[in-house]
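Along the sequence shown, residues carry numbers from 1. Worth knowing before you read on, the calculation uses all heavy atoms, side chains too, and leaves out hydrogens, waters and symmetry mates.
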Amino acid sequence: MIFSRGNTAMSAILLLLGILSSTGVEFTGAQSVGVCYGGNGNNLPTKQAVVDLYKSNRIGKIRLYYPDEGVLQALRGSNIEVILGVPNDQLQSLTNAGAATNWVNKYVKAYSQNVKFKYIAVGNEIHPGDSLAGSVLPALENIQKAISAANLQGQMKVSTAIDTTLLGNSYPPKDGVFSSSASSYIRPIVNFLARNGAPLLANVYPYFAYVNNQQSIGLDYALFTKHGNNEVGYQNLFDALLDSLYAALEKVGAPNVKVVVSESGWPSEGGVGATVQNAGTYYRNLINHAKGGTPMRPSGPIETYLFAMFDENQKDGPEIERHFGLFRPDKSPKYQLSFN
């Protein structure tokens with residue numbers, strides 16, 4: 001995107017890097033921020049053009065929600081790290097070990113030579129009461145076995161993505177705990193993650209926490225612009241939500257399971273607080289903040305995936321759902337952001 005800060009010499013260096021990047025030279029610096037790519041739109045760029053846009057902006061990580069072979073093909077040789085999703089509607093079938101092996105062979109093993117898979121996300125935001133809740137752990141185990149059978153277990157980790165509604169209490173963050181209904185569901189999953197040295201993927205949205213609780217949450221606290229800390233030592237809502245998850249993990253006996261923020265974003269229109277200015281402030285500050293840590297886990301960076309690459313005009317749900325893009329469908333940037 002456009003580089004909005006920095007002196008002339010730095011701008012020249014960044015420009016040079018951009019030119020080198022666009023000519024195929026790859027950069028593998030420690031980068032904590034990626035971007036989620038959803039394709040629920042009828043006006044979005046081609047898959048190759050999307051991957052090229054990641055490259056030209058030096059976005060080194062991508063989250064895919066399903067195994068889109070056109071995107072996987074475009075990612076070959078790009079050195080972009082990939083979260084590959086198992087969509088919720090495929091979870092039940094993958095409780096069958098043979099189906100899980102076939103899935104891994106077709107979508108992972110076939111591309112693993114030159115696509116940099118980092119995580120397989122088995123399901124997204126499944127809740128304890130959902131009909132698919134019982135399929136998550138068996139699918140996780142079967143995908144893990146198939147990854148190991150393909151001798152790829154050293155290259156990638158297998159996990160699932162949750163949202164913060166699984167928390168029964170999140171404030172103060174040190175008292176974070178999974179709800180009684182979520183505890184029996186999440187505990188065996190967390191045990192699986194701990195056994196395999198895998199992180200928990202979590203979709204963390206200060207925006208929704210702010211919108212649902214405006215009486216007690218200030219906009220500045222949600223946008224990282226608050227001056228000083230609150231009464232429990234937190235400057236921003238993102239850290240508070242993330243640390244409440246860490247506290248909850250400790251309470252189910254998994255203090256060493258890391259949280260990867262698999263989605264976080266702010267809409268630019270369609271709802272309360274949803275403006276281009278607020279969204280740009282959120283994304284800019286989150287990119288910068290992710291270089292460090294949280295009060296409970298001070299040694300960063302915080303691996304974070306911004307939601308999302310494009311406005312998606314065919315997304316279901318309220319109007320805000322169609323306005324989370326960092327880019328417009330014509331590939332022009334909505335905000336001035338630097339991903340390096």
Side-chain angles (χ1 to χ4, degrees), residues 34 36-38 61-67 81-97 99-101 103-104 107-108 117-148 152-153 155-168 176-179 181-205 241-242 244-246 248-264 302-305 307-308:
C36 304
Y37 167 50
K61 301 174 192 289
I62 189 170
R63 180 179 177 184
L64 304 177
Y65 290 90
Y66 68 98
E81 293 181 330
V82 180
I83 299 182
L84 180 62
V86 174
N88 292 351
D89 61 9
Q90 292 179 20
L91 284 177
Q92 203 168 355
S93 68
L94 298 184
T95 61
N96 174 285
T101 298
W103 194 94
V104 166
Y107 300 123
V108 182
F117 295 110
K118 190 169 190 187
Y119 308 118
I120 309 297
V122 181
N124 185 54
E125 296 186 352
I126 302 291
H127 298 133
D130 294 352
S131 59
L132 288 170
S135 299
V136 176
L137 185 61
L140 278 167
E141 290 170 333
N142 285 338
I143 293 286
Q144 181 67 55
K145 284 174 190 158
I147 293 287
S148 297
L152 297 170
Q153 71 277 10
Q155 292 180 37
M156 66 199 73
K157 297 294 183 183
V158 180
S159 186
T160 189
I162 67 163
D163 62 37
T164 52
T165 66
L166 269 59
L167 292 167
V177 63
F178 291 112
S179 67
S181 61
S183 192
S184 57
Y185 162 72
I186 199 70
R187 192 183 288 266
I189 290 171
V190 167
N191 289 342
F192 165 88
L193 300 176
R195 264 198 324 276
N196 290 286
L200 176 65
L201 307 179
N203 301 339
V204 177
Y205 282 93
L241 288 168
L242 192 47
S244 63
L245 275 172
Y246 275 119
L249 284 168
E250 287 176 5
K251 292 179 182 69
V252 293
N256 297 321
V257 169
K258 178 184 157 193
V259 177
V260 167
V261 178
S262 43
E263 287 180 15
S264 193
I302 304 163
E303 189 175 349
T304 303
Y305 292 76
F307 187 87

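- Proximity of R63 to L201: side-chain heavy atoms (C-beta onward) are nowhere separated by under 4.5 Å.
- How far OG of S135 is from CG of N96: 11.5 Å, rounded to the nearest 0.5 Å.
- One finds the CD1 atom of I120 at 12.0 Å from the OG1 atom of T160 (value rounded to the nearest 0.5 Å).
- Closest heavy-atom contact between S181 and P128: O-CB, 3.5 Å.
- Of all heavy-atom pairs between P199 and K157, the closest is CD-CB, 4.1 Å.
- With rounding to the nearest 0.5 angstrom, the CD1 atom of I189 is 9.0 Å from the CD1 atom of I162.
- The shortest side-chain heavy-atom distance between K118 and E303 falls under the 4.5 Å cut-off.
- By the 4.5 Å heavy-atom criterion applied to side chains, N142 and L94 are not counted as neighbours.
- The 12-atom threshold is exceeded at CD of Q153, counting heavy atoms of other residues, nucleotides or ligands nearer than 6.0 Å.
- Taking OG1 from T164 and CG from L245, the interatomic distance works out to 6.5 Å, rounded to the nearest 0.5 Å.
- Every residue meeting the ring pair (Phe, Tyr, Trp, His ring centres under 6.0 Å) condition with F307, not counting sequence neighbours, appears here in chain and number order: F324.
- Residues N196 and L140 have side chains not in contact (no heavy-atom distance under 4.5 Å, counting atoms from C-beta outward).
- Residues M156 and V108 are in side-chain contact: their nearest non-hydrogen atoms beyond the backbone lie under 4.5 Å apart.
- The nearest pair of heavy atoms linking P67 to W103 is CG-CZ2, 3.8 Å.
- Side-chain atoms of K251 come within 3.5 Å of backbone N or O of G176 as a donor-acceptor pair.
- Taking CG of D163 as the reference point, atom OG1 of T165 lies at 3.5 Å (rounded to 0.5 Å).
- Of all heavy-atom pairs between V252 and V190, the closest is CG2-CG1, 4.2 Å.
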*Before giving the answer on side-chain contact (heavy atoms from CB on, under 4.5 Å), spell out for L64 and Y107 the whole-Å C-alpha distance, their side-chain angles and the decisive distance to 0.1 Å.*
CA-CA 12 Å; L64 304 177; Y107 300 123; over 6 Å; no
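- The side-chain contact (heavy atoms from CB on, under 4.5 Å) test with I83 is passed by exactly one of F117, Y119, Y65: Y119.
- Taking OG of S264 as the start and CG of N203 as the end, the distance is 9.0 Å to the nearest 0.5 Å.
- Scanning all heavy atoms of the two residues, the minimum distance from E125 to D130 falls at O-OD2, 4.2 Å.
- Summarising the geometry of S262 relative to Y305, their closest heavy-atom pair is O-CB, 3.5 Å, with the distance given to 0.1 Å.
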